[in-house]
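Below: one structure, written as structure tokens.
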Number of protein chains: 2
Amino acid sequence: MGKVLVFGHKNPDTDAVTSAIAYAHLKNKLGMEAEAVRLGELNEETAFALKTFGLEAPRMIEAINGEVEQVILVDHNEKQQSVSDIDTVSVMEVVDHHRIANFETADPLYYRAEPVGCTATILKKIYKEHDVEIPKEIAGAMLSAIVSDSLLFKSPTCTEEDVKAAKELAEIADVDVNTYGLDMLKAGADVSKKTAEELITLDAKEFQMGDATVEIAQVNVVDEQDVLVRQAEVEAAMKQKITEKGLKLYLFAITNILTNDSTAIAIGAETEAVEKAFHVTLSNNTATLKGVVSRKKQIVPVLTEVMNG
Amino acid sequence: MGKVLVFGHKNPDTDAVTSAIAYAHLKNKLGMEAEAVRLGELNEETAFALKTFGLEAPRMIEAINGEVEQVILVDHNEKQQSVSDIDTVSVMEVVDHHRIANFETADPLYYRAEPVGCTATILKKIYKEHDVEIPKEIAGAMLSAIVSDSLLFKSPTCTEEDVKAAKELAEIADVDVNTYGLDMLKAGADVSKKTAEELITLDAKEFQMGDATVEIAQVNVVDEQDVLVRQAEVEAAMKQKITEKGLKLYLFAITNILTNDSTAIAIGAETEAVEKAFHVTLSNNTATLKGVVSRKKQIVPVLTEVMNG
């Protein structure tokens, strides 16, 4: 067997990058020639995490281009989220915590998915099952992934297993979870150097709700005023997307990682749906969504219900 | 959460039935209300295994019919192999050792697939991970599944992990692997009460190879003469299927579980492909395929290559 590439999804977040590093390391220890790679630029949070623990960023690739015959996917399985020429290689393993869709193999494989908050939590178990020690710097990277995906254990996607794994990893990495975790989240929440266009597109997803197309973007901040002082500029960027994409609603959630509330900016023909879904009144196109941090669990389902009704 | 049904594939074999029993037992121990069911009649091998270890056959169901909202699949994942109304329920877990195809979920789930010879081998690991003891009778049932899927460790699908699991399970079940294993395989290899039609359809699969449709059936025996004395009757049944289904080739593999060779009966326009694929000459429509026991690994690939060439 030749070399195997290990990678997370496109537009990689901290879990996608560090899980590739952690699993490639384990595979090397078990005698496989594996290399972690990434399918896009590092965000600032991930760069902070790697720097803190003295890890190199994995090599960035655009496509497999015949380099290997076999790959391992972490933190994703859906084809459209993976490398562009995924159909040219054989997927020998998957370790993931998402739903399964648009995924098919010709042969049996190792597939490990668990409904936890972070891929790193599953990888920690797999290290233990193989009785391989997690090096200090890799423990730090895995901890960073859990902090990132769980917003320091505040997200409703976070499970008891994630909290337990994070505590054990913090001990190995020799850091204080809360101090380091907040520093890392803050590094990713620095919006000062981002353009309005970047703010609303860096983490934006499109959804079909009833007959309407809705875009929901999210950004983490330590103070929502850092974005709200540029509200006019941000709204102009949102309006342009509405026109370009024919959206009925653009919802931008500015999530405060210190208070764990979000400020919503809502623009479009269907803003009333936001008021109904969250029982709020928009004022100057904005409203506070108390305790809302998860798009997947706290925004998409309620908004879908109102839009479908 | 209400009750959860646990089941293997349609036309259940020993792994499909006993893995449902074993996993439902573990889930009950872990506090879930789970019931093993089956999607078809027991074959004689499985009936022998359950009787030996004093286990009841799981209840047979045709469909979910609104009985539960959540199910656990073992030993399969492809929709067409599952319960007819699988789309009306949520799949909360899968434990399997096959390729993944035609499978999709709306939500994250626990999915555990490993490229080993038998689902029971994976279940044994999961018992250990949860630190739950395997009762004697369930260990016997799990051992039966490994013996069945691996043809007593002779199949090329069998891995070191399967052998290791079987040995440990035999110790818990307090049986001699080889003595019990052969007895069980023999119980499934009694062809005396089967009609010619049953012999060629009980384990038959259709394949598209190049432009041709090919049917490959297999039966286990302790003496190939038990089938060959009825060759004329069997060939008549095969010819009828060729006409009905427009087949270019019908290959019937009579697998001797004592010698681990198969005797092939080949009928149809493309029997030459069998001669080329296995480097044999058909005589009276038959040929011995030395060391061939696995349709999946030793028949389908070579025959496909010849038919495509």
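For the numbers below, each heavy atom of this structure counts, side chains included, while hydrogens, waters and symmetry mates do not.
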Residues in [range] that sit under 4.5 Å from chain A, counting heavy atoms only:
range: residues 104-112 of chain B; value: Glu104(B), Thr105(B), Ala106(B), Asp107(B), Pro108(B), Leu109(B), Tyr110(B), Tyr111(B), Arg112(B)
range: residues 161-168 of chain B; value: none
range: residues 77-88 of chain B; value: none

From [atom1] ([X]) to [atom2] ([Y]), nearest 0.5 Å:
X: Leu169(A); Y: Lys124(A); atom1: CG; atom2: NZ; value: 5.5 Å
X: Thr14(A); Y: Glu45(A); atom1: OG1; atom2: CD; value: 3.5 Å
X: Ile299(A); Y: Leu303(A); atom1: CD1; atom2: CG; value: 8.5 Å
X: Ser155(A); Y: Gln298(A); atom1: OG; atom2: CD; value: 6.5 Å

Can we say Glu67(A) and Lys3(A) salt-bridge, meaning some charged N sits less than 4.0 Å from an Asp/Glu carboxylate O?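 Counted as a salt bridge, because a side-chain N and a carboxylate O are separated by less than 4.0 Å.
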
[Y] and [X], any side-chain heavy atoms less than 4.5 Å apart:
X: Leu152(B); Y: Ile257(B); value: no
X: Leu123(B); Y: Leu26(B); value: no
X: Met142(B); Y: Ile138(B); value: yes
X: Met32(A); Y: Leu30(A); value: no
X: Ile146(B); Y: Thr121(B); value: yes
X: Tyr127(B); Y: His25(B); value: yes
X: Asp149(B); Y: Asp13(B); value: yes
X: Asn43(B); Y: Pro12(B); value: no

Is there a donor-acceptor contact under 3.5 Å from the side chain of Gln218(A) to the main chain of Ala253(A)? no

Is the CG atom of Asn28(B) crowded by more than 12 outside heavy atoms at less than 6.0 Å?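 Counting neighbours around CG of Asn28(B), more than 12 heavy atoms of other residues, nucleotides or ligands fall under 6.0 Å, so yes.
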
Please say whether more than 12 non-hydrogen atoms of neighbouring residues, nucleotides or ligands are located less than 6.0 Å from NZ in Lys10(A).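 Enclosed.
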
Using a 4.5 angstrom heavy-atom cutoff, name the option from Lys125(B), Glu129(B), Lys128(B) with the most pairs to chain A. Glu129(B)

Which residues from residues 91-101 of chain A are near chain B, with near meaning under 4.5 Å between non-hydrogen atoms? His97(A), His98(A), Arg99(A), Ile100(A), Ala101(A)

Return yes if a side-chain donor-acceptor contact under 3.5 Å exists between Ser19(B) and Asp15(B), otherwise no. yes

